Amino acid sequence: MAVDIYEPIINIKGIGPARAKLFGNMDIFTVNDVLWFFPRRYTDRREICKISELQADRSSVTVATITNISFKRSFRTGIDICSCQAEDDTGAVSLIWFNRKGLNNILKEGTSISICGLPLFRDGKIEISNPDFEVMNDGSDVESFTGIVPIYPSTAGLNARWFRKFIRKMLETYLHLIPDYLPQSILEKRSLQSVGDALWGMHWPESEEHWKVSRKRLAYEEFLFLQTALVLRKERLRRSCEAVKISSDGCYYSRFMDNLPFKLTASQKTVFNEIFKDTENGHPMSRLLQGDVGSGKTVIALGLAAAGADSGTQAAIMAPTEVLAEQLYSQAQKLLSKVGITCTLLKGGQSRSERVALIESIRTGETRVVVGTHALIQDGVEFFDLGTVIIDEQQRFGVMQRGEMLSKGKTPHLLMMSATPIPRTVSVCLFGDMDISLLRERPKGRKKIETRLIDFTKIKDLLQFIINESTAGGRVYWICPRVEDEITNELVSVEKRYTFLKKHLGPLGIGFIHGKMAGDAKNNQLEKFRDGTTKVLVGTTVLEVGVDVPEASVVVIESPERYGLSQLHQLRGRVGRGDRRGVCLLLVNKIEDDIAERLKIMLKTDDGFKIAEADFLLRGPGKISGLKQHGVAGFKVADIFRDSELLKYAKEDAEFLVANPSTFSKDSKFAEKLDVFLKDSFNLLHKA
Ligand code: ADP
Ligand code: MG
């Protein structure tokens with residue numbers, strides 16, 4: 001019999017428009033959605049006791065018959081009270097419910113009910129308040145009440161008991177009719193349950209072990225579909241071999257290298273090798289470069305752009321903020337223009353005539369390297385021949401924006417750079433279709449940034465420290481959480497702190513910068529700080545990404561508890577970039593245990609990868625930007641950390657499946673399900 005598990009729920013007996021609407025509120029539209037709507041938790045009702053066996057403070061299930069019942073309303077409080085006496089052959093219990101509407105229609109003398117609740121022993125009597133119950137003589141069996149019973153997330157106005165029964169009914173009707181869509185060989189190899197068994201076990205596990213194996217199967221399948229999609233995309237890219245060949249043999253590139261004011265680190269050399277190995281062979285590169293703050297990613301970007309110029313094609317370097325774009329551009333001028341490569345900067349706020357001229361030079365190919373913000377992906381910007389796309393701080397861009405940038409060329413090479421290290425398990429999920437390069441090493445001579453937690457009682461010492469530091473040639477960032485002062489808000493604003501520091505440290509020169517300032521004003525402030533006119537720069541987290549002033553040696557971060565650890569690490573990475581050792585001071589109102597506990601990792605390590613892991617564990621992947629739009633946080637079952645082992649297997653199996661043509665044969669259930677899966681949860685991934 002052909003069963004359609006995608007049957008709309010409204011076609012099911014017992015579901016009218018009203019209920020269907022309530023289901024809709026929970027995103028349940030088909031039978032399949034019901035089967036995949038999992039309990040939030042479970043209550044253990046495996047033990048069935050006689051009344052005489054009930055124990056205080058231990059929740060158990062009893063079956064008893066009502067012998068006496070009364071319904072009252074409290075005059076004083078207006079609360080409805082239902083109290084009754086129920087008995088079995090070993091004794092009696094008193095049951096009481098408060099404010100449960102409609103009980104008088106269900107409970108009567110002689111009704112047999114199963115009850116579950118916490119017994120209270122008082123004056124030789126047993127009492128249970130607000131027990132969960134089910135009426136036994138209306139055809140239900142103890143079974144759907146006992147065992148490990150699912151508790152579903154808020155059921156949006158549907159009666160919880162009815163809901164539970166309904167789902168059980170759907171499972172009973174449909175499960176055995178779903179054929180497994182994962183290849184048998186894989187089920188065996190990974191000792192996975194069939195999909196039917198696993199769904200049953202998610203809703204009605206017989207034991208914790210049963211729940212675990214059920215969950216494992218479903219988590220694995222989520223990983224497998226995602227990985228298969230990623231491997232497919234990678235394959236597709238590899239097969240389209242029309243990208244321009246870019247190598248390290250050209251003269252721009254070698255002049256660029258000769259001109260560098262420093263020697264490349266071993267890590268940087270490795271990354272260049274990895275990049276050219278891709279780009280030399282004419283396949284479009286798709287690579288993610290992960291490097292901790294200050295590991296020297298910019299040089300990599302510019303080196304690739306120089307080699308791109310040798311190939312006769314253009315390179316676009318896109319950055320998320322104007323400040324960053326300016327900074328990249330000034331580096332490009334130093335390292336690229338100097339060796340004869342024409343560079344331009346395209347950003348918001350440029351005058352119309354300026355913009356027209358810039359766009360024209362990009363269109364004719366006169367400009368070889370274009371640095372810019374989102375302005376690069378606007379309509380009207382056309383490239384003569386875009387061979388390379390480089391995206392800095394890629395985590396700040398959405399999938400669509402990356403896609404738009406790529407579509408400005410035929411099949412450009414793509415290098416995405418990220419300073420927020422992502423734990424390996426996560427990057428496999430997000431970037432399984434890309435190759436990954438790591439810059440683990442920082443340029444020589446960098447010392448560990450000394451990090452300390454202090455509170456406001458130390459403010460005098462802190463001011464003195466800043467004076468000493470500035471006189472000795474250092475410079476100070478002071479990060480505040482807010483721009484304007486709001487009376488109700490105790491967080492210190494940039495303005496307020498600026499005024500305060502001006503008063504106490506005025507002669508040092510105090511600047512300020514925040515997101516609401518116009519681009520020019522921002523740059524002006526940054527310039528003054530760069531050239532030393534101001535020694536202290538008060539700002540918001542605009543300073544977080546990529547800002548590079550080598551003299552900066554101290555960063556004070558107020559209310560550090562407001563930020564994620566990776567973000568703090570980014571902020572901290574603004575200092576210690578030049579010769580001076582860096583100091584990071586986390587300034588809290590009061591040192592409290594829980595705050596200190598979380599910030600401890602900052603004091604212990606400056607390995608961005610370790611910090612990122614800790615951050616992910618503490619805050620969960622949902623909070624991390626970019627994860628959501630990739631659908632990774634949208635897994636129903638899988639957990640990228642808890643199930644990292646499974647993820648590894650799924651990746652292996654996905655590669656095997658993609659290499660095996662029968663996987664996508666015409667009657668392949670797997671391929672069919674993969675399509676559905678992609679449409680359901682990962683449609684953004686599809687488009688990118
Ligand atoms: P990030 O990886 O955070 O983008 P940057 O590319 O801004 O780091 O580099 C940080 C600083 O280190 C810059 O001032 C840069 O000039 C310098 N730098 C990069 N590579 C080296 C190197 N091999 N040796 C010395 N200094 C370097
Ligand atoms: Mg950078």
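Small disclaimer: the values here were computed from a predicted structure and weren't measured. Count residues from 1 along the sequence. Counting starts at 1 for both ligands and their atoms, in listed order.
- Side-chain rings of Phe512 and Phe529 stay apart, their centers remaining 6.0 Å or farther from each other.
- Between Lys410 and Asp385, no side-chain nitrogen of the basic residue sits less than 4.0 Å from a carboxylate oxygen of the acidic one, so the salt-bridge criterion is not met.
- Ligand 1 places these atoms under 4.0 Å from at least one heavy atom of Thr298: 4 (O), 5 (P), 6 (O), 7 (O).
- Short contacts between ligand 1 and Leu264, defined as distances under 4.0 Å to a heavy atom of the residue, involve ligand atoms 23 (N).
- Using a 4.0 Å cutoff on heavy atoms, Ser295 counts as a contact of ligand 1.
- Every atom of ligand 1 is numbered from 1 in the order shown, and the set under 4.0 Å from a heavy atom of Lys263 is 22 (C), 23 (N), 24 (N).
- When only interatomic distances are considered, the shortest N/O to N/O separation between Pro550 and ligand 1 does not fall below 3.5 Å.
- In this comparison of Gly291, Pro443, Gly296, the heavy atom closest to atom 8 (O) of ligand 1 sits on Gly296.
- Asp607 has a carboxylate O that lies under 4.0 Å from a charged side-chain N of Arg440, or vice versa, which qualifies the two as a salt bridge.
- When Glu551, Glu469, Glu450 are each tested for a salt bridge (Lys or Arg N to Asp or Glu O under 4.0 Å) with Arg580, only one passes: Glu469.
- For the 3.5 Å distance criterion, the side chains of Asp292 and His569 qualify, holding a donor opposite an acceptor.
- In terms of polar-atom proximity, Gln331 is not counted as a contact of ligand 1, lacking any N or O under 3.5 Å from an N or O of the ligand.
- Shown in contact with Thr265 at under 4.0 Å from a heavy atom are these atoms of ligand 1, numbered in order with element: 23 (N).
- Electrostatic pairing of Lys522 and Glu322 does not count as a salt bridge here, judged by no charged N lying under 4.0 Å from a carboxylate O.
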